[in-house]
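Here's the structure, in structure tokens; my notes come after.
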Amino acid sequence: MNVRYFTDIDEISEIPENERVSLKEVTDRYSFRVNDYYLSLINWDDPDDPIRKIIIPETHELSAWGALDPSNEAVNYVVPGCQHKYPHTALILVNEDCGGYCRFCFRKRLFSDENAEVSSDVGPALDYIASQPQISNVLLTGGDPLILSSKKLEEIIRPLRKINHVQIIRIGTKMPAFNPTRIIDDPELPAVISRYSTRLKRIYFMTHFNHPREITDKAALALDILLKAGAIVTNQTPVLRGINHEPEILTELMEKLSYIGVPPYYFFQCRPTAGNKTYAVPITETYTNLEIAKSRASGLARRAKHVMSHATGKMEVVGVTDKYIYLKYHRARKRSDDSRMLVFKRNDKAYWLDDFQRDTELVHNHAVISSIPTY
């Protein structure tokens, strides 16, 4: 099945012409891309349709809120196209294209003409990873790696598999949601997975289903192909206002994912990216809604963690009480912060760690910081 792509908002006839005119300024600043399969998931009679909110621009994106690089990824680059923030994990940004551009994307900066973070030559990244024996985990990201042909993807995976200390290869992709026929109609992709996802060294796919309505029969078939080829598949999504922040939607998403063998892995705190204000949910509200959803879902779904990918490291929100919020670093830029617990006075208006740290007196008076030794 051929999927037709659109990059001009004027091509979306379901949007009234006067709205398309007002959205031109948005698409001039932030790229727009979608296909007819994904558009078919939208209920155009509902102005608040969650799939529409994922992919169709809105004028609020022009508001002055957030940063283009909210997690300061710029400082993580060791060679062009390769980030190395944590000792055991490296990222290769293999391209700067996606099957569609989510309006809340935390890497929307990559889709601009000024982007210089992605390199078409992955050779320097592969050489760097080979020189770093502590790297056991490599994430292929971008952009979406499944925009690449399976032949091109194999040209990246094959040399990675020749590096003995690389145990896990992860592929971050939203293609099973955006365009499942990319997987269904390409027999070479499962063949590549079968060759390089071995009993001792698996390939993982980190899918990006944001809403349960994205889990269609075609999406489930695409995921089944990946699973039968020998891949491990898990899901991660930010928690987004108007899309999936309500407990009922989160529960449905958790359950549907666990039913099809793709258990949820991370629920991200929505990053304060430029233009993302209307998607943002305060940390305590996100935590509370996730806990309600987990209490209603199966044990498989309850393994998912509520995390924040901050410039200083990835931390889990582990608890909220009437007075305090408890965070724990899973990975940190500074080794001394690994496994460190942070306790702040509860602030229901905080969207990000910086909202606590901005008031130094509050932190000094109410933050309890302890460290667990790193071995």
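Numbers for residues simply follow the sequence, beginning at 1.
Taking the ring axis of Y196 as reference, the NZ or CZ atom of R158 does not stay both within 45° of it and closer than 6.0 Å to the ring centre. A cation-pi arrangement is present between R271 and F106 under the rule of less than 6.0 angstrom and at most 45 degrees off the ring axis.
With a 4.5 Å cut-off on side-chain heavy atoms, F268 and V307 count as touching. For the pair L253/H211, no side-chain contact is recorded, criterion being any heavy-atom separation below 4.5 Å from C-beta on. You'll find the side chain of K294 reaches within 4.5 Å of the side chain of M254, heavy atoms only. A 4.5 Å side-chain heavy-atom check between K314 and S71 finds every atom pair outside the cut-off. I203 has its side chain out of reach of I232: every pair of non-hydrogen atoms, C-beta onward, lies at least 4.5 Å apart. Counting only heavy atoms from C-beta outward, the side chains of F356 and I283 approach each other to under 4.5 Å.
With salt bridges taken as basic N to acidic carboxylate O contacts below 4.0 Å, none links R296 and E252. Ion pair E14/R52 not flagged as a salt bridge, since none of the NZ, NE, NH1 or NH2 atoms sits closer than 4.0 Å to an Asp/Glu carboxylate oxygen. Between D337 and K334 there is no salt bridge, since no side-chain N of the basic residue sits under 4.0 Å from a carboxylate O of the acidic one.
Between Y279 and H60, the distance separating the two ring centers is shorter than 6.0 angstrom.
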Output side-chain donor-acceptor pairs under 3.5 Å for residues 134-145, partner residues at least two apart or in another chain, one line each.
residue, atom, partner, partner atom, Å
Q134, NE2, Q132, OE1, 3.1
N137, OD1, R170, NE, 3.1
T141, OG1, R107, NH1, 2.9
D144, OD1, L146, N, 2.9
D144, OD1, T173, OG1, 2.9
D144, OD2, T173, OG1, 3.0
D144, OD2, K174, N, 2.8
D144, OD2, M175, N, 3.3

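With no hydrogens or angles considered, a side-chain donor-acceptor pair links Y38 and E214 at under 3.5 Å. Judged by distance alone, the side chains of S258 and R302 never bring a donor and an acceptor atom under 3.5 Å apart. Residues N276 and K108 bring a donor and an acceptor atom of their side chains to less than 3.5 Å of each other. Judged purely by distance below 3.5 Å, without hydrogens or angles, the side chains of S298 and Y259 never pair a donor atom with an acceptor atom. Side-chain contact check for S309 and Y266: no donor-acceptor pair (N or O, by modelled atom type) lies under 3.5 Å.
A distance-only check finds a donor-acceptor pair linking the side chain of E61 to the backbone of E58 [under 3.5 Å].
Evaluation of the side chain to side chain contact (heavy atoms under 4.5 Å, CB included) rule for T27 yields I9, K24, F32, P57 as partners, not counting sequence neighbours.
Taking the six-membered ring for Trp and thresholds of 30 and 60 degrees, W352 and H310 have ring planes inclined between 30 and 60 degrees apart.
Note that CZ of F178 is 10.0 Å distant from OH of Y101, once rounded to the nearest 0.5 Å.
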